[in-house]
Protein chains: 2
Amino acid sequence: MAKSVTILDVAARAGVSKSAASLALRGTGYVSEARRRAVLEAAEELGYRPNAAARAMGSARSGIVGLILDDLRNPWYVPAVEGLSDGLHAAGLSPLLGDWRLEGAALAERCLELRVEGLVLVGTLDGAEELLPPLGPLPVVQVGAARAQVPGAAVVTNDDAEGARRVVRHLTGLGHTRIAHLADPGTSVGDARRAGFEEEARRAGLDAVTVPAGRTEEAGRLAALGVLRSEPRPTAVFAVNDMAALGALSAAEELGLRVPEDLSLAGYDDTPAARLRAVGLTSVDNASREAGRVAAALLAEMIAGHGRPPGGAGPGAAATLLNPELKVRTSTAPPPAVVRRARPAQAG
Amino acid sequence: MAKSVTILDVAARAGVSKSAASLALRGTGYVSEARRRAVLEAAEELGYRPNAAARAMGSARSGIVGLILDDLRNPWYVPAVEGLSDGLHAAGLSPLLGDWRLEGAALAERCLELRVEGLVLVGTLDGAEELLPPLGPLPVVQVGAARAQVPGAAVVTNDDAEGARRVVRHLTGLGHTRIAHLADPGTSVGDARRAGFEEEARRAGLDAVTVPAGRTEEAGRLAALGVLRSEPRPTAVFAVNDMAALGALSAAEELGLRVPEDLSLAGYDDTPAARLRAVGLTSVDNASREAGRVAAALLAEMIAGHGRPPGGAGPGAAATLLNPELKVRTSTAPPPAVVRRARPAQAG
DNA sequence: ATGAAAGCGCTAACAA
DNA sequence: TTGTTAGCGCTTTCAT
C-alpha cells in the first residue's frame, strides 16, 4: 500500500507547519508570499492530492450536491442535466447522480449521509412529498416541475404556457381561426400547455377545441383521427409534444390531407425527429439547457447564502420561468382558402 | 446550528460503547442480539444518519465511483447511464457525474480527491490517454468505446460489427445483392459498423460499395444522392446510423424512389425517429442499457477484488461485447424485380 | 504572520 | 463478546 501523500508531508517538505500549508493551499488567511510559494511547490513535487473526505470532516462542506432525476429516459432531461452539470462545475460543486424511479427515497437518504450541500430535483418526482426524508434547511431547487414538491424549494422551469401561446399566435398570424389542441391532461406540462393554448385562443376569439390525447405517437394519431373527421374540420393542429404531432401527421396522411397545404401542424419540444427535413415540424424549443444552468447558479447562491428559508409551506418560494423559442418549419402555412361549407343543420 | 446526532449519541442512548454501536449498525463483527436491537432502536429514535465522510476516513472506502461521460448530448449514452445507475445502485455505489468535454481532466482530479473506488468512462474520451492523471490501480471500466483508453481497463460495448452483419444478412435474406453502406469513417463505431458490413458482404459475395458520409441527416442525404445516382444503382442502403438513414430517405424521395418498393433502407441505433410509423425504419437496437448494467457489475467486482491488474499496456484487458438486436420495420423489403439494364458501355 | 493543538465522526486494532 | 484507544487527513480556533 503506497501511503498517499498528506498535507503533513507537504508541510514538512516546505518546512512549515501543517496549518500554514493548509492555508497556503487554499489561499485563505495570511501566509507570506515566500512560504506560500514553497508550499505550492512542495505539493506539486510530491503530487499531493487533498483528501475530500477529510476536508469535508473538517470544514463541514462536502462540495457535493445531489442530482435526483425523475426518470433518466425522459429526453427532456438530457439538456437540463447538461446545463446543470455545467453550472455546478462552474460553482465548484459535483453532482451525485441518481434516478428517483429506480432508487427512490434511499437515494435521498444517501445524499444526506454524504452531507450534500444542496439538492437538485429534476422533473416531478412521484410521491416525493411523502417519500422524501426531512431535509431540514438544505437548499433545494427543482427543475422542470410546475411547482415545488419541497417546501421552500426554488423552482426553475420552462414557461410552457408561454410556448403554447406563441404557437397559437404564430398560427393566428398565418390566418388560422379553427385550431385543435391535442392535450395531455393530468400532467403538469400537459396542463400548462393546454392552459396557454386556451388562454390565447380565447383572447383571439378563436374557434378552438381541446381534445385529450397523450404524449405518444399513437395517442396523437388516434386523437387527430377523431378531430380531423369532425365538422368543421380545424385547419391547424397543435399537439402537446412532437411525438403526438407526428402521430397527427400519420393521421393526416391516412385521411388524405396534405401538410401544410390542407392542415398546419405544430408540436412541442423541438426533438431531433421534428428537425428531419422530411418532417420539418414547427415546434417549440424549451431551452432546458439554460434551465439547468440557471438552476445550478441558483443553488450555488442558496448554498453560499443561508440555505432554504425555513418559511415552509407558503407558495412564496422563488419560481423562475424561462422563455421557450418557437421554431417555425415547413409544417405550418396559411390555411387553405376554403369555400365555406353550407352550415350543417344544427338547429333543425 | 442543530448539532447532528452522531454514533456517540446512539451508543449512549443504547447504553453501549461507541464501537459496539458501530458494529451493530453495520451488522459486522460480534454483538449480542439484545444490544444490536437496542442500538438499532436508539438510532431509529434519534434519527441517526451516519456521516459518509467520516466513514470514508475511517474505512478508506467512499462508496462513490466517478462517472465520466464523453458528451452528455449523445443520445446513445442515456440508456447506458440508466443501466449504469441501476447497476451501481445495486452494488451500493453512487455515481458522481461529470462531462469530459466540459470539465476535462479537472473532473478526474476531483474524483481522485474524493477517493472514488472506481471509474466508469462512457464513450471515447478525446485525448484521455494524455489528459487523465495517473490513476494508479484504480478499477476502471470503459463503456461504449472500441478499446480501453486506460491500461488495463475493462471494456464493455455493443458489438457494432455484429449488428452490421445482421443488417446485411437481413438484406441478403430478402434477396438484395447490391447494397451500399453510408459510413462514418474515422470514428470507432463508424469503423466497426463498416467492418461488419464489408466482412459479411464479402462472405455473401455481394456487390457492395462503401461511401463516406457522416452521422447527420444532411451527410446521409448527400452521400445517398451520390450513390443512388450511380449505375448500377444499389437496391438497398445501410446507413451508419438512423439520422443518416433518414437523410437517405429524403434523398430517395427527391429522386422519386419509393421505399421500400424501389429501395430498402436500414439504419442503426433504433432511435425514436426510426420507430415513427410514418418512417418505420429498419434499425439495430444496441441494448446499451444492458451494457451499462454489465459495466456496473464488472466494476463492482473489480472493486471487491483486487483492483485493476497492474499489468498495464497489454491489450489483454477483458472486453465484453454485447449483441445488438435487429428491428425489422417497413423500410426493408425484397428488391424490385428489375429488368437488367443494358450494360453501360464500359469497356468500349 | 505563524505554529500548536483540539477536534470532526467514524473504523479498526487491541486489550479486557 | 465488549469496551478502550488510536488514528484517518484536514480545518480551525487560539496563543504566540
Side-chain angles (χ1 to χ4, degrees), chain A residues 1-40 42-43 46-64 92 109-110 112-117, chain B residues 1-40 42-43 46-64 92 109-110 112-117:
Chain A
M1 271 302 150
K3 289 278 311 136
S4 68
V5 7
T6 80
I7 200 172
L8 226 45
D9 302 321
V10 174
R13 178 89 125 99
V16 303
S17 75
K18 201 171 55 148
S19 27
S22 173
L23 295 184
L25 251 9
R26 273 169 310 143
T28 323
Y30 301 98
V31 193
S32 67
E33 197 42 40
R35 290 176 168 244
R36 149 163 297 130
R37 209 185 292 287
V39 169
L40 261 30
L46 262 31
Y48 169 68
R49 186 151 14 231
N51 179 323
R55 182 202 305 268
M57 289 226 60
S59 67
R61 298 211 40 190
S62 63
I64 301 181
E109 207 68 49
R110 171 88 178 124
L112 292 177
E113 293 185 1
L114 280 161
R115 303 298 188 263
V116 295
E117 298 188 34
Chain B
M1 270 299 152
K3 290 273 315 134
S4 68
V5 5
T6 79
I7 201 173
L8 226 45
D9 303 319
V10 174
R13 178 84 124 101
V16 303
S17 75
K18 199 169 60 148
S19 32
S22 173
L23 294 183
L25 252 10
R26 276 171 306 145
T28 325
Y30 302 97
V31 193
S32 68
E33 198 40 41
R35 289 176 168 244
R36 150 163 297 130
R37 209 185 294 284
V39 169
L40 260 31
L46 263 30
Y48 169 68
R49 188 149 12 230
N51 179 322
R55 184 203 301 269
M57 289 228 60
S59 67
R61 300 212 35 192
S62 63
I64 301 181
E109 206 68 48
R110 171 87 178 125
L112 292 178
E113 292 185 0
L114 280 159
R115 303 298 190 264
V116 296
E117 299 188 34

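Each chain gets a letter, A, B and so on, in the order the sequences are listed, and its residues count up from 1.
Dashed line: the shortest gap from a side-chain N or O of A:R35 to OP1 or OP2 of C:dA1 is not under 4.0 Å. For D:dT1, the OP1/OP2 oxygens have no side-chain nitrogen or oxygen of B:R36 closer than 4.0 Å. Look at A:R55 and you won't find any side-chain N or O under 4.0 angstrom from OP1 or OP2 of D:dG9. The phosphate of D:dC10 (OP1 or OP2) has a side-chain N or O of A:Y48 nearer than 4.0 angstrom. Of the side-chain N and O atoms in B:S32, one or more sit less than 4.0 angstrom from OP1 or OP2 of D:dT2.
One can place CD1 of B:I7 at 9 Å from C1' of C:dT11, the figure rounded to the nearest angstrom. In this entry the distance linking CZ of A:R49 with P of D:dC10 reads 12 Å, nearest Å. As rounded to whole Å, 15 Å separates atom C1' of D:dT12 from atom OH of A:Y30. We find that CZ of B:R61 is positioned 19 Å from C1' of D:dG9, with the value rounded to whole Å. Regarding B:R115, its CZ atom lies at a distance of 20 Å from the P atom of C:dC10, rounded to whole Å. The distance from atom CD of B:E113 to atom P of D:dG9 is 15 Å, rounded to the nearest whole Å. Whole-Å rounding puts the B:L25 CG to C:dC10 C1' distance at 11 Å. Look at CG on A:L23: it is 11 Å from C1' on C:dG3, rounded to the nearest Å.
Scanning atom types as modelled, no donor and acceptor separated by under 3.5 angstrom connect the side chain of B:S59 and the base of C:dA12. For D:dT4, its base sits under 3.5 Å from the side chain of B:S19 at one donor and acceptor pair at least.
Sequence order on DNA chain D of the closest nucleotides to B:M57 and B:A20 puts B:A20 first from the 5' end. For A:N51 and B:K18, each mapped to the nucleotide of DNA chain D holding its nearest heavy atom, the one lying further toward the 5' end belongs to B:K18.
With values rounded to the nearest 0.5 angstrom, A:S17 atom OG is found 8.0 Å from A:L23 atom CG. Note that the OG atom of A:S62 and the CD atom of A:E113 stand 13.0 Å from one another [nearest 0.5 Å]. With values rounded to the nearest 0.5 angstrom, B:T6 atom OG1 is found 9.0 Å from B:L46 atom CG. In this structure, CZ on A:R55 lies 9.5 Å from CG on B:L114, to the nearest 0.5 angstrom.
Closest of all the heavy-atom pairs between B:R115 and A:S4 is NH2-OG, 4.4 Å.
Of the candidate nucleotides D:dG9, C:dG9, C:dG3, C:dG9 has the atom lying nearest to any side-chain atom of B:A54. Of the candidate nucleotides D:dA6, D:dT4, C:dG9, D:dT4 has the atom lying nearest to any side-chain atom of B:S17.
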